[in-house]
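This report refers to the structure that appears directly beneath it.
Indexing begins at 1, ligand by ligand and atom by atom, following the structure's order. Model, not experiment: these values are computed from the prediction.
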Amino acid sequence: MKSDTPKNLKESLSSKITKEIHSNEFFYKHIAELTPDAVVIHSGGKIRYANPGAVKLVQATNVGELIGKPVMKFIHKDSVPLIQERIKKMLSQSKVAPFVEEKFITVKGNIIYVETKAVPFTFQGEKAILAIIRDITARKQVERNLQFLSEANNLLSSSLDYRTTLANITALAVPHIADWCVVDMKTEKGIEQLAVAHVDSRKVKWAKELRRKNPPDPNAKTGVPQILRTGKTEYYYEITDKMLVATAENEEQLELLRKLKFSSIMMVPIRVTNETMGVITFVSAESGHHYTKTDLTIAEELSKRAGLAIESALLYSQAQQAITVRDEFITLASHELKTPLASIKMYGQILHKQLEKRGDTALMNFLEKMDQQTDRLTLLVNDLLNVSKIQHGKLEYNFEDVDLTTLVHDIVEVMRQVSLKHTIFIEGEIKKTVRADPFRIYQVLTNLLTNAIKYSPEADKILVRLSTDKKFVKITVQDFGIGIDPDHQEKVFDQFYRIIDPNKRKFSGLGMGLFISHEIIDRHGGSMSVKSDKGKGSQFSFTLPSVAHAT
Ligand code: ADP
């Protein structure tokens, strides 16, 4: 019992204080005056009471700017219907309305996001509403900005096309941070407006008209030309009519500027490889928003990312141009080389016949070596031509039913003459015919066997394995040579890809054979792969779809 006494005392004291507080109007008033949240009482649509938090919330200077004013004056048009509905319900049902998110508008015209909780209340004998309003603009802004920047990353990395990238920038900005967004870029023609967007796409033509009638003066001390020179951002919190009058060069321009209803502007430089290459102009108009420092940070962040995306797009287009020039050169060079090679071959044959008549075996021997080298050169030139034909989708194919086992035996027979050091073993057989171009398959197998010989200078054995399953036939060429590092294995099928041998051994080649082979197998509906152990050897395999059972 003893120990309960202090508890009872505490409880009775606390209830006494509570009762006293409840009857103390002074206490309530002070809560309202001291809380950082906005507290507002309104009745008949007019504000009757507003605490200092409310004055601060709507960016007013004193409470007089609020008392007696219509509540709806401070509510953004998007939130008006919802709030009217809530007020009606509260007054008729006398219920507390839970916290909801709404958009308010301050006396300075800025949009703010708030959370409000409201309760019906009798104020000076009238039915009123007491609302507690909390500013959540900063939190909303952080959330929206994070989401915006992650969207920006996705969209800006989705294209490597220069024009699309510029259009993506404006599409990102509108409507998130601007009613208007314009991208101006430095080009060989001067300053060009390369992308424009507006929340209402019908109005885009106004911006274009404004620019057409008033091209930027390169010596202007403000705006796009100045930013391109200095690389410095320009920021206008408020666009006044006085500013429009000062900017407009004539009545017509002034009229158009007024029609555009600009309220705030941010102009941010776009830097590409440390040079100011363009300007993004963000304009707030119809929304009536005035840009804040946070908006500026976001605009500058977007411009930074835009600069990187533009840089990638430019590099990509330069690389594409270089590739086109290279491909055109390869096509031309290989055509030009073919004619003299054919002549050398023909004159060699005439010479060979003459020497044969004279019985000059020593010179005939040299001539045969020369002929072999001419054949090698012809093969290389043909490969170059094949590569360029593949790029233009012009490599010809003549499909027929092919008996691959016989084809493999024929090729291996020829290859046995190429390297006397290596013994080529054939294991298994292909029990189905395939629909293929025998010349192209010959090309693929020759390439695989040539590589197997070339890249296994220390070995003396090569295996060719043939196998058949339900839908595919498979051919594998295995060597016991230098092998391929895992990092390079997928890339060996790329055009002109060659691996530098760390042991500095020099293997001749141009990195075309596997690219051509891969393309050929692809066109046959098959697939090509490699398995390799560095230092132990490689296995190159390809499959081809089979068509019918052989007996
Ligand atoms: P190349 O004419 O250079 O041999 P390929 O396209 O046939 O061109 O091969 C591309 C690259 O792949 C070669 O330069 C070589 O580095 C590697 N490679 C191809 N086949 C083998 C193999 N059997 N063993 C080891 N490396 C190989």
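At a heavy-atom cutoff of 4.0 Å, ligand 1 is contacted by both the backbone and the side chain of Ile499. At a heavy-atom distance under 4.0 Å, only side-chain atoms of Lys454, from C-beta outward, approach ligand 1. Contact annotation for Asn447 and ligand 1: only side-chain heavy atoms (C-beta onward) come within less than 4.0 Å of the ligand. Of all the heavy atoms of Phe507, none lies under 4.0 Å from any atom of ligand 1, so neither backbone nor side chain is involved.
Any N or O atom pair closer than 3.5 Å counts here, and Gly513 shares at least one such pair with ligand 1. Considering backbone and side-chain N/O atoms, Gly511 comes within less than 3.5 Å of an N/O atom of ligand 1. Ligand 1 has a nitrogen or oxygen under 3.5 angstrom from a nitrogen or oxygen of Leu514. In terms of polar-atom proximity, Phe540 is not counted as a contact of ligand 1, lacking any N or O under 3.5 Å from an N or O of the ligand.
At least one heavy atom of Ser538 sits closer than 4.0 Å to an atom of ligand 1. Residue contacts with ligand 1 do not include Gly537, since none of its heavy atoms lies under 4.0 Å from the ligand.
Closest to atom 4 (O) of ligand 1 among all protein heavy atoms lies Tyr455 OH, 2.7 Å. Scanning the protein for heavy atoms near atom 26 (N) of ligand 1, the closest one is Ile484 CG1, 3.4 Å. Among all protein heavy atoms, the one lying closest to atom 3 (O) of ligand 1 is Arg498 NE, 2.6 Å. In terms of protein heavy-atom proximity, atom 12 (O) of ligand 1 is nearest to Val492 CG1, 3.3 Å. Taking atom 10 (C) of ligand 1 as the reference point, the nearest protein heavy-atom neighbour is Tyr497 O, 3.3 Å. Counting protein heavy atoms only, atom 23 (N) of ligand 1 is closest to Asp479 OD2, 2.9 Å. Remark: minimum distance from atom 7 (O) of ligand 1 to any protein heavy atom is reached at Asn451 ND2, 2.8 Å.
For Arg440 and Tyr397, the positive end sits near the middle of the six-membered ring, less than 6.0 Å away and at most 45° from its axis.
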*Test Ile475 against Ile430 for side chain to side chain contact (heavy atoms under 4.5 Å, CB included), laying out the working first.*
CA-CA 9 Å; Ile475 300 181; Ile430 285 172; 3.8 Å; yes

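Under 4.0 Å is where a charged nitrogen must lie from a carboxylate oxygen, and between Lys353 and Glu356 no such pair does. The pair Glu300-Lys304 does not count as a salt bridge, with every side-chain nitrogen at least 4.0 angstrom from each carboxylate oxygen. Taking the charged nitrogens against the carboxylate oxygens, Asp437 and Arg523 have no contact shorter than 4.0 Å, which rules out a salt bridge.
Counting heavy atoms from C-beta outward, Asn447 and Ile516 have side chains that stay 4.5 Å or more apart.
Just one residue in the list Asp371, Thr378, Thr374 forms a side chain to side chain donor-acceptor pair (under 3.5 Å) with Lys345, and that residue is Asp371.
Listed for the Gln489 side chain is a donor-acceptor partner under 3.5 Å among the backbone atoms of Ser532. Here the side chain of Lys389 pairs no donor or acceptor atom with the backbone of Glu396 at under 3.5 angstrom. At distances below 3.5 Å, at least one donor-acceptor pair connects side-chain atoms of Thr137 with backbone N or O atoms of Tyr113.
For ligand 1, the atoms closer than 4.0 angstrom to any heavy atom of Met512 are 6 (O), 8 (O). Residue Gly483 has at least one heavy-atom neighbour below 4.0 Å for each of these atoms of ligand 1: 25 (C). Using a 4.0 Å cut-off to heavy atoms of Gly509, the atoms of ligand 1 that qualify are 2 (O), 3 (O). When each atom of ligand 1 is checked for a heavy atom of Leu510 under 4.0 Å away, the hits are 2 (O), 3 (O).
For the 3.5 Å distance criterion, the side chains of Ser541 and Ser529 fail to qualify, holding no donor opposite an acceptor. Between the side chains of Thr187 and Glu192, at least one donor N or O sits under 3.5 Å from an acceptor N or O.
Between Tyr235 and Tyr291, the distance from one ring center to the other does not fall under 6.0 angstrom.
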